[in-house]
There are 2 protein chains.
Amino acid sequence: MIKEISEQSLRRLPQYLIILQKFLTEGRLYCSASHIADAMQISAIQVRKDLAKIATDEGVPNQGRKVNQLIRDIETFLGYNTVSEAVIVGVGMLGRALISYKGFHDYGVKIIMGFDAATQDIFTINKTPIYSVKVMPNLVKRMRVKIGIITVPKDQAQAVCNQLLDAGVQAIWNFAPVHLDVPEHVIVHHENMAESLAVISNKLKKQGEKS
Amino acid sequence: MIKEISEQSLRRLPQYLIILQKFLTEGRLYCSASHIADAMQISAIQVRKDLAKIATDEGVPNQGRKVNQLIRDIETFLGYNTVSEAVIVGVGMLGRALISYKGFHDYGVKIIMGFDAATQDIFTINKTPIYSVKVMPNLVKRMRVKIGIITVPKDQAQAVCNQLLDAGVQAIWNFAPVHLDVPEHVIVHHENMAESLAVISNKLKKQGEKS
DNA sequence: CTTAATTCGATATTTAATTATCGACTTTAT
DNA sequence: ATAAAGTCGATAATTAAATATCGAATTAAG
Ligand SMILES: NC(=O)c1ccc[n+]([C@@H]2O[C@H](COP(=O)([O-])OP(=O)(O)OC[C@H]3O[C@@H](n4cnc5c(N)ncnc54)[C@H](O)[C@@H]3O)[C@@H](O)[C@H]2O)c1
Ligand SMILES: NC(=O)c1ccc[n+]([C@@H]2O[C@H](COP(=O)([O-])OP(=O)(O)OC[C@H]3O[C@@H](n4cnc5c(N)ncnc54)[C@H](O)[C@@H]3O)[C@@H](O)[C@H]2O)c1
């Protein structure tokens, strides 16, 4: 059964998780949609509707929901319990940061290998092995890896993407500032920091003009 | 004059830029909304409406717009021509990657200094000086820096945020997976990779269930 | 010169997302 | 007990975003 949820709601769920974890550390056992909404400065109605979509049990009037159950529900919905394996291509500055980032583990993603063009020998970063990109197709096929993370220079990104898809990867998470062309069924997510900066700069500009 | 644009449109503008730059390298002088739309696999109407909001001159029927003029218009709108200075606090794996990232320059942002708790001596990363976080308030105040980038561990993020705001920073770009509480007028942007992963995982899950 | 193919921009229309309203139900305090 | 405050969930209303439609304009092809 596929539960339908809008991408907007989906993106809010990890944010709720952050708030809920804070509540847990504060020793709160119950929380309501309005508590979360206050903490995030968004509308309580929106939170309530989002939670209704993913919660397994009902909320209690004048009390809200159990914090730990809610965390479990969101994590289950987001698939944090079933680990997806990923590989990363391009072990430069950003690639290294991502490989050594412990947070992904909480999100149900495990980077099991890295590949780089400038590598002859195998070495490891935080126990993650790094291989030459030449052996990538073989290894990725054998391990049936589903997610490919691209952190190579932009002029290499499309070629790397094609190789990953050839090797059977189903989803691409691309950090290079280029648009990747992929067949219809392939999932691509472009992580573009310029988007964030666009939002920040625009708000700054507006604030500057207000005064 | 404050041109109103939705956040959704705003986030698409840097993506158009990526396509347009590709067109330029291909030697195309003109392009239409549908060309961009095709390249990005989104609706041409949406592109046309977005462009209408920021273009300075009108499009030509059966020809579209001048690619280079369009690039200029988007860049101007996004403020890529006027450089905003930023500082980064937390010079670990991610901090180093961001400091050495050359892309920000194109986006009108310059990271002029970094600060870390584990630093006694001044050193540099790609010519960007890194100081002890102790001198941060002083330096940031003196330089009137507007943007603060936070790449410290999550339990330090709120404290660092408060220090940055005390030092007069107007906007915070936070990479730590915590929610930052700030006064009303302050601009905060949370960069949460879990959001992206939520979208990717959800699509993967749906695709898995289809078969 | 005429026709066909594109494209724009303006104005609907449709769809999606957010916000509001309200009755019912618990808990807590008086 | 009773009243008051807080919450949920369902439904309705509003707002925002995306998509569709259409006439006018321009180019390129025949
Ligand atoms: N550094 C950042 O903070 C940052 C931020 C946003 C986006 N990006 C983008 O991420 C990408 C990587 O950035 P970076 O700063 O890590 O650059 P980098 O130069 O440090 O790393 C790139 C790595 O890719 C490797 N490489 C090159 N071609 C390859 C290929 N065909 N196959 C496998 N490996 C290959 C290089 O050997 C190098 O190690 C770039 O596209 C950049 O624009 C970086
Ligand atoms: N590495 C990634 O790819 C990644 C991805 C997403 C989010 N993040 C988040 O970004 C943050 C940094 O990640 P990282 O991998 O670079 O960690 P890291 O441990 O490599 O770096 C953290 C740095 O912050 C410094 N620091 C600690 N407390 C400080 C303080 N009070 N003031 C100034 N500096 C201080 C440390 O000395 C260290 O150099 C974390 O919150 C992490 O969750 C990292």
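First the proteins, then the strands, lettered A, B, ... as listed; each starts at 1.
The nearest whole Å value for the distance from the CG atom in B:Leu51 to the C1' atom in C:dA10 is 16 Å. Nucleotide C:dC8 holds its P atom 9 Å from the CD1 atom of B:Ile36, rounded to whole Å. Atoms CD (A:Gln63) and P (C:dA29) sit 13 Å apart, rounded to a whole Å. Rounding to whole angstrom units, CG of residue B:Asn62 and P of C:dT7 are separated by 6 Å. One interatomic measurement links the two molecules: NZ of B:Lys66 to C1' of D:dT26, which rounds to 15 Å at whole-angstrom precision. Between the P atom of C:dC25 and the OH atom of A:Tyr30 lies a distance of 19 Å, rounded to the nearest Å. Distance CG (A:Asp50) to P (C:dT18): 8 Å, rounded to an integer number of Å. One interatomic measurement links the two molecules: CZ of B:Arg12 to C1' of D:dA17, which rounds to 8 Å at whole-angstrom precision.
Comparing A:Glu58 and B:Val60, the nucleotide of DNA chain D nearest to each residue sits closer to the 5' end for A:Glu58. For A:Gln8 and B:Gly59, each mapped to the nucleotide of DNA chain C holding its nearest heavy atom, the one lying further toward the 5' end belongs to B:Gly59.
Among the heavy atoms of the strands lying under 4.0 Å from B:Arg48 is at least one base atom, whether or not backbone atoms are also near. In this structure, B:Ser9 reaches neither bases nor backbone, as no heavy-atom distance under 4.0 Å exists between it and the strands shown. If you check every strand for non-hydrogen atoms under 4.0 Å, A:Ala33 touches sugar and phosphate atoms only.
Taking 4.5 Å as the limit, some side-chain heavy atom of B:Lys102 sits within range of a side-chain heavy atom of B:Asn126. A 4.5 Å side-chain heavy-atom check between B:Asp50 and B:Tyr16 finds at least one atom pair inside the cut-off. A 4.5 Å side-chain heavy-atom check between A:Ile130 and A:Met113 finds every atom pair outside the cut-off.
Exactly one of A:Ile149, A:Ile147, A:Ile172 qualifies for a side-chain contact (heavy atoms from CB on, under 4.5 Å) with A:Leu164. That residue is A:Ile172.
Side-chain proximity of A:Lys49 to the nucleotides C:dT7, C:dT18, D:dG9 is greatest for C:dT18. You'll find that the side chain of A:His35 is closest to D:dT7, out of C:dT19, D:dT7, D:dT26. Closest to the A:Ile45 side chain, of the nucleotides C:dG9, C:dT19, D:dG6, is C:dT19.
Legend: ring pair (Phe, Tyr, Trp, His ring centres under 6.0 Å) pairs involving residues 81-113 of chain B, not counting sequence neighbours, sorted by first then second residue: B:Tyr80-B:Tyr107, B:Tyr101-B:Phe104, B:Phe104-B:Trp173.
Look at B:Ser43 and you won't find any side-chain N or O under 4.0 angstrom from OP1 or OP2 of D:dA18. At the phosphate of D:dG6, neither OP1 nor OP2 sits under 4.0 Å from any side-chain N or O atom of A:Ser32.
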